[in-house]
K.L.:
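Can you read through this structure? Questions will come right after.
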Amino acid sequence: MILPCSFFNRPAPEVARALLGQTLVRRLPDGRRLAAVITETEAYDGFEDEASHAHRGRTPRNGVMFGPPGRIYLYLCYGMHWMLNLVTREADYPAAVLLRGTSDVSGPGRLTRHFDLDGQLNGQSLGSASGLWIRSAGSDPGSRRIRTAPRVGVDYAGPQWASKPWRFILKGKRNG
DNA sequence: TGCGCGATTCTC
DNA sequence: AGAATCGCGCAT
């Protein structure tokens, strides 16, 4: 079953955790399909989250984070890597989940390269029209198969936010 | 209008 | 350890 946008209408850490074990599916322009199990995610939630792009308010770049749940937020990092995020929570509340890894790719930049994703899909919704969606596994991986960790590369945020365990990793899946 | 830097990755 | 590489966000 394909996850509906309503699946994303809840706090980002909750969605980040719930996405583990689900399958990311990509329909390429030439019709080919790529699919891989999501193994690593990170949550960014709210204005107060100092690690979030939205912490200093709405800007042209982060505007998609303020959109309705299930939107695709793609931004360029370090001038060369696209980061894939899925918007969570209701409209006007900025929150998103960064996809950091799947069963056959490690790292958010390599993930988007593998799935042929760039700014073209920024702002679109998950689904057939965009050619990107999530297929549900049906069963939830038990908490024993999930570990949490601080988010990567967010030392610029205050210690309270930099140390939050909002990175979620599925154990026992090949990562890379 | 200019400048520092980043939710990274690859090579040396 | 350092480079690659560029748009964004804030300061001027």
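To find a chain, count down the sequence lines: A is the first, B the second, and so on, and within it residues start at 1.
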K.L.:
Under a 3.5 Å cutoff, is there a donor and acceptor pairing between the side chains of A:H53 and A:Y73?
P.N.:
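Indeed, the side chains of A:H53 and A:Y73 share at least one donor-acceptor pair under 3.5 Å.
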
K.L.:
Contacts to DNA chain C from residues 79-96 of chain A, heavy-atom cutoff under 4.0 Å, which residues?
P.N.:
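Close to the strand are A:G79, A:M80.
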
K.L.:
With a sphere of 6.0 Å drawn around CZ of A:R56, does it hold more than 12 non-hydrogen atoms of other residues, nucleotides or ligands?
P.N.:
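Open.
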
K.L.:
What is the 5' to 3' range of DNA chain C, first to last nucleotide, that sits under 4.0 Å from any heavy atom of chain A?
P.N.:
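From 5' to 3', the first and last contacting nucleotides are C:dA4 to C:dC10.
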
K.L.:
Between B:dG2 and C:dT5, how far apart are the P atoms? Round to whole Å, please.
P.N.:
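Taking atom P in both C:dT5 and B:dG2, they lie 22 Å apart.
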
K.L.:
For A:R100 and B:dG6, what is the distance between atoms CZ and P respectively, to the nearest whole Å?
P.N.:
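For the pair A:R100 CZ and B:dG6 P, the rounded distance is 15 Å.
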
K.L.:
Runs of at least three consecutive Watson-Crick or G-U pairs, both distances under 3.5 Å, are what I'm after; which ones involve DNA chain C?
P.N.:
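B:1-6 with C:6-11, B:8-11 with C:1-4 - these are the stems of 3 or more pairs that involve DNA chain C.
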
K.L.:
Taking the P atom of each, how far is B:dG4 from C:dA3, in whole Å?
P.N.:
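It works out to 16 Å between them.
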
K.L.:
Check every strand shown and say whether A:R167 touches a base, only sugar-phosphate, or nothing at a heavy-atom separation below 4.0 Å.
P.N.:
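The residue A:R167 makes no contact with any strand.
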
K.L.:
Salt bridge between A:D49 and A:R151, side-chain N to carboxylate O under 4.0 Å?
P.N.:
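Looking at A:D49 and A:R151, the cut-off is met.
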
K.L.:
Is there aromatic stacking of A:Y156 on B:dG6 here, judged by a ring-centre distance under 5.5 Å and a plane angle under 30°?
P.N.:
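Stacking is absent between B:dG6 and A:Y156, given that the ring centres and planes do not meet under 5.5 Å and under 30°.
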
K.L.:
From OH of A:Y78 over to C1' of B:dT8, roughly how many Å is that when rounded to an integer?
P.N.:
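Distance, rounded to whole Å: 6 Å.
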
K.L.:
Think A:Y73 has a side-chain N or O under 4.0 angstrom from the OP1 or OP2 of B:dA7?
P.N.:
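Looking at the OP1 and OP2 atoms of B:dA7, neither is under 4.0 Å from any side-chain N or O of A:Y73.
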
K.L.:
Let me know the distance between CG of A:D155 and P of B:dC5, rounded to the nearest Å.
P.N.:
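It is 15 Å, rounded to the nearest whole Å.
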
K.L.:
Short question: side chain of A:K171, backbone of A:R144 - any donor-acceptor pair under 3.5 Å?
P.N.:
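Yes, because the side chain of A:K171 sits within donor-acceptor range (under 3.5 Å) of the backbone of A:R144.
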
K.L.:
To the nearest Å, give me how far apart CE (A:M65) and P (B:dA7) are.
P.N.:
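Rounding to the nearest Å, CE of A:M65 and P of B:dA7 are 11 Å apart.
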
K.L.:
Nearest whole Å is fine: how far is B:dA7 P from A:F168 CZ?
P.N.:
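In whole Å, B:dA7 P and A:F168 CZ are 19 Å from each other.
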
K.L.:
In whole Å, I'd like the distance from the CZ atom of A:R56 to the P atom of B:dG6.
P.N.:
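Answer to the nearest Å: 12 Å.
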
K.L.:
Using only heavy-atom distances, determine whether the side chains of A:N62 and A:Y75 contain a donor-acceptor pair under 3.5 Å.
P.N.:
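On atom types as modelled, these side chains do not qualify, holding no pair under 3.5 Å.
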
K.L.:
Are there over 12 heavy-atom neighbours, none belonging to A:E90, within less than 6.0 Å of that residue's CD?
P.N.:
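More than 12 heavy atoms, drawn from other residues, nucleotides or ligands, come within 6.0 Å of this atom.
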
K.L.:
Taking atom OG1 of A:T88 and atom CZ of A:R10, what is their separation to the nearest 0.5 Å?
P.N.:
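The distance works out to 9.5 Å.
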
K.L.:
For A:T148 and A:F168, indicate whether the former's side chain and the latter's backbone hold a donor-acceptor pair under 3.5 Å.
P.N.:
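Such a contact is absent between A:T148 side chain and A:F168 backbone.
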
K.L.:
Kindly say whether A:V37 contributes a backbone atom to a donor-acceptor pair with the side chain of A:S103 at under 3.5 angstrom?
P.N.:
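Yes; at least one donor-acceptor contact below 3.5 Å.
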
K.L.:
Short question: side chain of A:Q22, backbone of A:A137 - any donor-acceptor pair under 3.5 Å?
P.N.:
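Looks like yes, one N/O pair under 3.5 Å.
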
K.L.:
NA contact type, A:R61, heavy-atom cut-off 4.0 Å: base, sugar-phosphate, or nothing?
P.N.:
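The residue A:R61 makes sugar-phosphate contact but no base contact.
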
K.L.:
Supply the atom-to-atom distance A:R27 CZ to A:L34 CG, rounded to the nearest 0.5 angstrom.
P.N.:
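These two atoms lie 12.0 Å from each other.
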
K.L.:
Does A:R113 put a side-chain nitrogen or oxygen below 4.0 Å from OP1 or OP2 of B:dT9?
P.N.:
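Looking at the OP1 and OP2 atoms of B:dT9, neither is under 4.0 Å from any side-chain N or O of A:R113.
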
K.L.:
How long is the span from the CD1 atom in A:I169 to the CD1 atom in A:I146, to the nearest 0.5 Å?
P.N.:
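Reported value, rounded in 0.5 Å steps: 10.5 Å.
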
